[in-house]
*Asks:* 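Can you read through this structure? Questions will come right after.
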Amino acid sequence: MTGKTYLMQTKIFSSALYGIDAFRVTVEVSIERGLGYTISGLPDDAIKESWSRLTSALNNNGFQMPRTRLVINLAPADIRKTGTAFDLPMAMGILMASEQIVASGKFKDFLIAGELGLDGTIYPVRGALAMAIHAKRENLPGLLLPFENAEEASLIKGTHIYPVQHLTEILAFVENDCAIKPYANTKKGKKEFYYANDYADVKGQQHIKHALEIAAAGGHNSILIGPPGTGKTMLAKRLPSILPPLTEQESLETTKIYSIANGAAKGLIAERPFRAPHHTCSDIALAGGGTIITPGEVSLAHNGVLFLDELPEFKRSAIEVLRQPLEDKEVYISRANMRLRLPASFMLLAAMNGCPCGYLGHPSVCCTCSKRALYWYRRKISGPLLDRIDLHIEVEPQPMQELLQTTLKGEKSSIIRQRVIAARNIQSRCFKNTPGIFCNAQIPDNLLDNFCILEDTAKKFILQKVEATSLSMRAYARILKVARTIADLKTSDIIQLEHVSEAFQFRVLDKPATTNIQREKPLPWKQHSPTYRVTI
């Protein structure tokens, strides 16, 4: 920089995240008369702290910060910017505006993102896949990204990704048109994921395995109810081993979410997500949000399973957050100046005891809960939420003789998975002309008559049962969808009476929890507090 008075400006294109999508940000750098520096455009603390990183990185690589007034604007200036991805474009803008480097024509309209270390090392950033999608949509000529993000961004075909590891590399590329070859992804498609947990390890519980097979085949929400120690958690953790593989579109969506939440991803995610948050998690942790809006557990479980163990132990407000995502397959985060849509198409799998002591319905252990305790325990889960759960599955303890048989082996998950895939293939052919529907659980209510065709005896049976049990129309629709899945597993085009009858067996929580209450002799330590034996 020579001369005592000057006014120089430059523009660099970068990208920022808005929810799970990226948008273009123009980094404008202006060197003016005066002293000091300003970063405008609603930057967060990480961007404000970048001044120290930029100063050290430039000084350690033979450059210097301008000793005049420096103004950096991140346009559009009315949207808050977060993260460290602007370090690299701001450094390039400063060097170009101060004429310490001269950019070649090849550099024009490139999108640049990267975090800058004190020695000039370029570190990875979050959301590279979303940036690559945005670059392809805007027909940008290329992206200069950290080397760790190159594999992830190269998943989007038709984009030119130039990986860089150090500030000197990108300076040589920009100033001298040096050859940095576009990143070539040599990995072929998605890898098959090996599941260590297999249903062959679970002895007995054939009824539960069959119910979870129905849930996997149709994408249905399910809840396991039973005494402690009956294998509810063990069965739930093995559900991903029988789910169908992710499609290419689902893999991209899932990888995009995890790239934004966790940073650089190593290729396409092949495994369906299985999220199991602790029951102490907050509403925001479950739904998403925060000061810097990030995806919550419902979005991290997108295209996979959200497992809530000990469901009544979750806060009531956290559980009720699930209502909208279960119905709309997405969650809206509203703030004073923004409203974001985050995808949340997941299978809900929950587990709970039948009562506070846990032994409601146990064949040999007496339940010690009062009617009042049972009432308040069940009240923790609202009726509207139970309406949105398709399968209510009772889990009973297995006889000890059966568990001790070492030669007894269950059916392997790979065999069950083939039946699930066959049922999903039937559904894919059925929904090929209906966009946005991929499994039976996603059938909209206005199309039930088109896809859920009942035989006459099944129609009469379901009408009688609905009137007798006073089920809501939402519960009726979900029973129809479960019956449709059972018919698909049995390769039946029409829903028959046996399919509807089996679907009704998975609605145990629709019955009153205090039916068949029998007074029993008080336990010695509860002479003044009578106990009850309660069966569902």
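Note that this is a predicted model, so its numbers are computed, not measured.
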*Asks:* Between Lys460 and Asp456, does at least one N-O distance fall below 4.0 Å, as a salt bridge requires?
*Replies:*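 Here Lys460 does not pair with Asp456 in a salt bridge, since their nearest N and O are not under 4.0 Å apart.
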
*Asks:* Check the side chains of His499 and Glu455 for a donor-acceptor pair under 3.5 angstrom, ignoring hydrogens and angles.
*Replies:*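 Short answer, no.
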
*Asks:* Salt bridge or not between Glu411 and Arg419? Use side-chain N to carboxylate O under 4.0 Å.
*Replies:*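 The answer is yes: the pair qualifies as a salt bridge.
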
*Asks:* Might you work through the side chain to side chain donor-acceptor pair (under 3.5 Å) test for His210 and Gln205, ending with a clear yes or no?
*Replies:* CA-CA 9 Å; His210 176 63; Gln205 301 291 15; over 6 Å; no

*Asks:* Please check this pair: side chain of Gln464 against backbone of Phe461, looking for a donor-acceptor N/O pair closer than 3.5 Å.
*Replies:*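 Answer holds: no.
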
*Asks:* On the ring face of Tyr332, is Arg339 found with NZ or CZ under 6.0 Å from the centre and within 45° of the axis?
*Replies:*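 Output yes; distance and angle both within limits.
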
*Asks:* Side chain to side chain donor-acceptor pair (under 3.5 Å) for Asp44 and Thr82? Distances and angles first, verdict last.
*Replies:* CA-CA 5 Å; Asp44 70 344; Thr82 61; 4.9 Å; no

*Asks:* Whether the Asp387 and Ser472 side chains hold a donor-acceptor pair (N or O, under 3.5 Å, no angle test) is what I'd like checked.
*Replies:*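 Yes - a donor-acceptor pair under 3.5 Å links their side chains.
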
*Asks:* For His134 versus Ser15, what's the shortest heavy-atom pair and its separation?
*Replies:*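 For His134 versus Ser15, the nearest heavy atoms are CD2-OG, 4.5 Å.
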
*Asks:* How far apart are the closest heavy atoms of Ala85 and Met131, and which atoms are they?
*Replies:*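 Shortest heavy-atom separation between Ala85 and Met131 comes out as CB-CE, 4.3 Å.
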
*Asks:* Within 45 degrees of the ring normal and closer than 6.0 Å to the centroid, is that where the cationic atom of Lys209 sits relative to Tyr199?
*Replies:*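 Relative to the ring axis of Tyr199, which defines the angle, Lys209 lies outside at least one limit.
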
*Asks:* With no hydrogens and no angle check, just 3.5 Å: does a side-chain donor-acceptor pair link Thr254 and His302?
*Replies:*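 No, because no side-chain N or O of Thr254 sits under 3.5 Å from a partner of the opposite role on His302.
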
*Asks:* How close do Asn440 and Gln427 get, heavy atom to heavy atom, and via which atoms?
*Replies:*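 Shortest heavy-atom separation between Asn440 and Gln427 comes out as N-OE1, 3.0 Å.
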
*Asks:* Does a side-chain N-to-carboxylate-O contact under 4.0 Å join Asp390 and Arg507?
*Replies:*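 No salt bridge links Asp390 with Arg507.
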
*Asks:* Search all heavy atoms of Val331 against all heavy atoms of Pro325 and return the closest pair with its distance.
*Replies:*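 That would be CB-CG, 4.2 Å.
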
*Asks:* Judged by atom type as modelled, is there a donor-acceptor pair below 3.5 Å linking the side chain of Asp21 to the main-chain atoms of Ala130?
*Replies:*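 No, because the side chain of Asp21 does not come within donor-acceptor range (under 3.5 Å) of the backbone of Ala130.
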
*Asks:* Can you confirm whether the side chains of Ser382 and Glu320 place a donor and an acceptor under 3.5 Å from each other?
*Replies:*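 Distance-only check passes for Ser382 and Glu320.
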
*Asks:* Does Phe506 have its ring centroid less than 6.0 Å away from the ring centroid of His207?
*Replies:*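 For Phe506 and His207, the ring centres are under 6.0 Å apart.
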
*Asks:* Looking at Asp201 and Arg238, is any side-chain nitrogen of the basic one under 4.0 Å from a carboxylate oxygen of the acidic one?
*Replies:*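 A salt bridge links Arg238 with Asp201.
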
*Asks:* Check the surroundings of atom NZ in Lys329: do more than 12 heavy atoms from other residues, nucleotides or ligands lie under 6.0 Å from it?
*Replies:*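 Yes - once you tally the heavy atoms of other residues, nucleotides and ligands closer than 6.0 Å, there are more than 12.
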
*Asks:* Using only heavy-atom distances, determine whether the side chains of Ser364 and His362 contain a donor-acceptor pair under 3.5 Å.
*Replies:*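 Note: Ser364 and His362 side chains meet the donor-acceptor criterion.
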
*Asks:* Pairing donors with acceptors under 3.5 angstrom, does anything connect the side chains of Asp198 and Ser241?
*Replies:*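 No - no donor-acceptor pair under 3.5 Å links their side chains.
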
*Asks:* Which heavy atom of Ala216 sits nearest a heavy atom of Leu243, and at what distance?
*Replies:*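 Result for this residue pair: CB-CD2, 3.6 Å.
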
*Asks:* Are Ile495 and Val500 side-chain neighbours, meaning at least one heavy-atom pair lies under 4.5 Å?
*Replies:*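 Yes; the side chains approach each other to less than 4.5 Å.
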
*Asks:* Which heavy-atom pair separates Leu235 from Leu212 by the least distance, and what is that distance?
*Replies:*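 Scanning both residues completely, I find the closest heavy atoms to be O-CD1, 3.8 Å.
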
